[in-house]
Peer 1: 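So that we are looking at the same thing, I have put the structure below in structure tokens.
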Amino acid sequence: MIRTVDSPPHVSAPVLAAYGYCEAVTGQQARNFAYGIRLLPTPKRRAMSALYAFSRRVDDIGDGALDGDVKVARLEDTRALLTRIGAGEVEEDDTDPVAVALAHAARTFPIPLVGLDELIDGVLMDVRGETYETWDDLKVYCRCVAGAIGRLSLGVFGTEPGARGAERAPEYADTLGLALQLTNILRDVREDAAGGRTYLPADDLAKFGCSAGFDGPRPPEGSDFAGLVHFEVRRARALFAEGYRLLPMLDRRSGACVAAMAGIYRRLLDRIERDPEAVLRGRVSLPGREKAYVAVRGLSGLDARYVSRLAVRRQI
């Protein structure tokens with residue numbers, strides 16, 4: 001069982017201010033994520049904001065306009081900061097609010113900070129311009145930039161005492177991260193191409209005649225772009241189905257948070273499946289009212305109960 005912290009210690013004014021900064025960053029830059037974590041009790045919501053703010057810093061370095069060698073140096077500086085946080089060397093009066101908040105969160109919850117090291121590794125893969133021949137290759141990247149976030153989040157959520165199969169919770173959290181990342185890759189295929197990045201496996205692109213890439217609002221001539229998208233959608237759905245087995249292992253509000261975030265991405269996947277070329281015309285997104293509905297559905301426990309029923313059927 002993964003320990004859940006029920007009685008957080010008193011939080012000092014400097015730490016509260018640091019968390020406030022992280023929550024502001026999260027609210028401004030991570031709308032889908034913010035819809036989920038607002039369902040959490042305050043200590044967990046703050047810790048998740050700290051994780052997001054640190055992760056956002058890493059991503060911003062990778063996505064910025066700096067030269068590659070400067071990006072690598074800054075990412076290694078960020079890794080050194082993470083090492084200081086893990087060693088308990090960041091004081092409450094440190095001038096970096098993200099470090100202060102993450103250090104407090106790591107003292108309060110059993111967060112596996114090595115996951116943030118993996119995130120840095122994944123962003124370094126972006127900086128180096130790595131491409132992926134097969135799905136197995138891409139999975140390595142996805143586990144670094146998204147599966148690791150799932151496992152870090154599980155450190156905050158914890159599992160319910162006596163939850164059946166809880167020893168597999170990190171595996172399911174990792175798989176759910178892969179599902180979200182593959183959905184992101186499909187949604188952002190045109191934007192990534194404009195930035196010189198290709199994430200979908202080269203053998204999948206070749207299979208559907210899409211090796212020429214996506215530099216316009218229409219698929220490559222003669223390609224089966226819809227077939228490619230539907231193929232990747234099926235892969236993502238299988239990952240969601242496996243990752244959702246985490247939900248019954250979580251307490252109600254943590255499960256609601258996960259269900260809300262995953263539910264938003266599953267609905268994005270539905271939209272992409274219905275109109276594959278939409279991802280070439282612009283960014284596919286959900287309106288706020290639909291995100292709110294997904295959050296309410298998660299809080300009601302409907303998704304967790306659905307997964308539990310499926311698990312029972314598999315055992316019959």
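Here the structure is a predicted model, which means the values were calculated and not measured.
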Peer 1: Decide yes or no for Leu81 and Arg57: does some side-chain heavy atom of the first lie under 4.5 Å from some side-chain heavy atom of the second?
Peer 2: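 Yes - at least one pair of side-chain heavy atoms lies under 4.5 Å apart.
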Peer 1: Salt bridge check: are Asp121 and Arg143 linked by an N-O gap of less than 4.0 Å?
Peer 2: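 Looking at Arg143 together with Asp121, the answer is no, because their closest N to O distance does not fall below 4.0 Å.
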Peer 1: Any Lys/Arg nitrogen of Asp63 or Arg197 sitting under 4.0 Å from an Asp/Glu carboxylate oxygen of the other?
Peer 2: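 Yes, charged N to carboxylate O under 4.0 Å.
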Peer 1: Side-chain contact, heavy-atom cut-off 4.5 Å: Ile120 with Leu124?
Peer 2: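 Yes - at least one pair of side-chain heavy atoms lies under 4.5 Å apart.
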Peer 1: Do any N or O atoms from the side chain of His230 and from the backbone of Ala226 form a donor-acceptor pair under 3.5 angstrom?
Peer 2: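 Checked: pair present.
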Peer 1: Between Arg190 and Asp215, is the closest basic N to carboxylate O distance under 4.0 Å?
Peer 2: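 Result for this pair is no, no salt bridge flagged.
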Peer 1: I need the Arg168 CZ to Arg245 CZ distance, nearest 0.5 Å.
Peer 2: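 The CZ atom of Arg168 sits 6.0 Å away from the CZ atom of Arg245.
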Peer 1: Just wondering, do Thr134 and Asp204 contact through their side chains at under 4.5 Å, heavy atoms?
Peer 2: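 They are not in contact (no side-chain heavy atoms under 4.5 Å apart), so the answer is no.
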Peer 1: Tyr199 versus Asp192: any side-chain heavy-atom pair under 4.5 Å?
Peer 2: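 A side-chain contact exists here, since the closest heavy-atom pair is under 4.5 Å.
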Peer 1: With a 4.5 Å limit on heavy-atom distance, are the side chains of Asp275 and Arg281 in contact?
Peer 2: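 The answer is yes, as the side chains (C-beta and beyond) meet within the 4.5 Å cut-off.
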Peer 1: If you look only at distance, which donor and acceptor atoms sit under 3.5 Å apart when one is on a side chain in residues 175-185 and the other is two or more places apart or in another chain?
Peer 2:
residue, atom, partner, partner atom, Å
Thr175, OG1, Glu171, O, 3.0
Thr183, OG1, Ala179, O, 2.9
Asn184, OD1, Arg187, NH2, 2.7

Peer 1: Could you tell me the separation between the CZ atom of Arg74 and the CG atom of Asp77, rounded to the nearest 0.5 Å?
Peer 2: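 Nearest 0.5 Å value for the CZ-CG distance: 8.5 Å.
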Peer 1: Counting N and O atoms only, with roles assigned by atom type, does the side chain of Tyr19 sit under 3.5 Å from a partner on the main chain of Ala105, one being a donor and the other an acceptor?
Peer 2: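 Between the backbone of Ala105 and the side chain of Tyr19 there is a qualifying donor-acceptor contact (under 3.5 Å).
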Peer 1: Are more than 12 heavy atoms, taken from residues, nucleotides or ligands other than Arg218, located less than 6.0 Å from that residue's CZ atom?
Peer 2: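 Count not over threshold, so no.
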Peer 1: Strictly distance-based, threshold 3.5 Å: is any side-chain N or O of Asp94 a donor or acceptor partner for the main-chain N or O of Asp96?
Peer 2: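 Here the side-chain-to-backbone pair exists.
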Peer 1: Checking the side chain of Lys71 only, and the main-chain atoms of Val127 only, is there a donor and an acceptor separated by less than 3.5 Å?
Peer 2: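 No, the answer is negative, given that no donor and acceptor are paired below the 3.5 Å cut-off.
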Peer 1: Got a donor-acceptor contact below 3.5 angstrom from the Arg151 side chain to the Ala173 backbone?
Peer 2: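 Checking the backbone N and O of Ala173 against the side chain of Arg151, no donor-acceptor pair under 3.5 Å is found.
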Peer 1: Determine, for Phe231 and Lys207, whether the Lys NZ or Arg CZ falls below 6.0 Å from the six-membered ring centre while staying within 45 degrees of the axis.
Peer 2: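 The answer is yes; both the distance and angle limits are met.
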Peer 1: Could you go through Asp270 and Arg267, starting from their C-alpha distance and side-chain angles, then the distance that decides it, and tell me whether this counts as salt bridge (charged side-chain N to carboxylate O under 4.0 Å, His left out)?
Peer 2: CA-CA 5 Å; Asp270 291 342; Arg267 283 173 176 261; over 6 Å; no
Peer 1: Inspect the contact between Arg283 and Glu191 and indicate whether a charged nitrogen and a carboxylate oxygen are less than 4.0 angstrom apart.
Peer 2: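 Result for this pair is yes, salt bridge flagged.
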Peer 1: Can you list, by chain and residue number, the hydrophobic cluster partners of Val70 when the side-chain cut-off is 4.5 Å?
Peer 2: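 Via sub-4.5 Å side-chain contacts, Val70 links to Leu66.
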Peer 1: Hey, what do you get for SG (Cys257) to CG (Leu40), rounding to the nearest 0.5 Å?
Peer 2: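 These two atoms lie 4.0 Å from each other.
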Peer 1: Ring pair (Phe, Tyr, Trp, His ring centres under 6.0 Å) between Phe157 and Phe109: does it pass, once the steps are laid out?
Peer 2: CA-CA 9 Å; Phe157 298 146; Phe109 297 96; 9.5 Å; no
Peer 1: Within the structure provided, determine whether Arg46 and Val11 are in side-chain contact (heavy-atom separation under 4.5 Å).
Peer 2: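 In short, these two side chains touch, coming nearer than 4.5 Å.
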Peer 1: Are the side chain of Arg45 and the backbone of Ile37 linked by a donor-acceptor contact shorter than 3.5 Å?
Peer 2: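 Side chain of Arg45 to backbone of Ile37, a donor-acceptor pair under 3.5 Å: no, none is there.
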Peer 1: Can you check whether His104 reaches Val100 side chain to side chain, under 4.5 Å on heavy atoms?
Peer 2: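 Result no, sub-4.5 Å side-chain heavy-atom pair not found.
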Peer 1: Has Ser223 got a side-chain atom pairing as donor or acceptor with Pro219's backbone, closer than 3.5 angstrom?
Peer 2: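 No, the answer is negative, given that no donor and acceptor are paired below the 3.5 Å cut-off.
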Peer 1: Can you find a pair of side-chain heavy atoms, one from Ser12 and one from Val15, that are under 4.5 Å apart?
Peer 2: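 A side-chain contact under 4.5 Å exists here.
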Peer 1: Hey, does the side chain of Ser254 reach the backbone of Leu250 with a donor-acceptor pair shorter than 3.5 angstrom?
Peer 2: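 No.
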Peer 1: Can you confirm whether or not the ring centre of Tyr265 sits under 6.0 Å from the ring centre of Phe240?
Peer 2: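 Ring centroids of Tyr265 and Phe240 are no less than 6.0 Å from each other.
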Peer 1: Grouping I, L, V, M, F, W and Y whenever their side-chain heavy atoms are under 4.5 Å apart, do Val114 and Ile149 come out in a common cluster?
Peer 2: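 Shared cluster, no.
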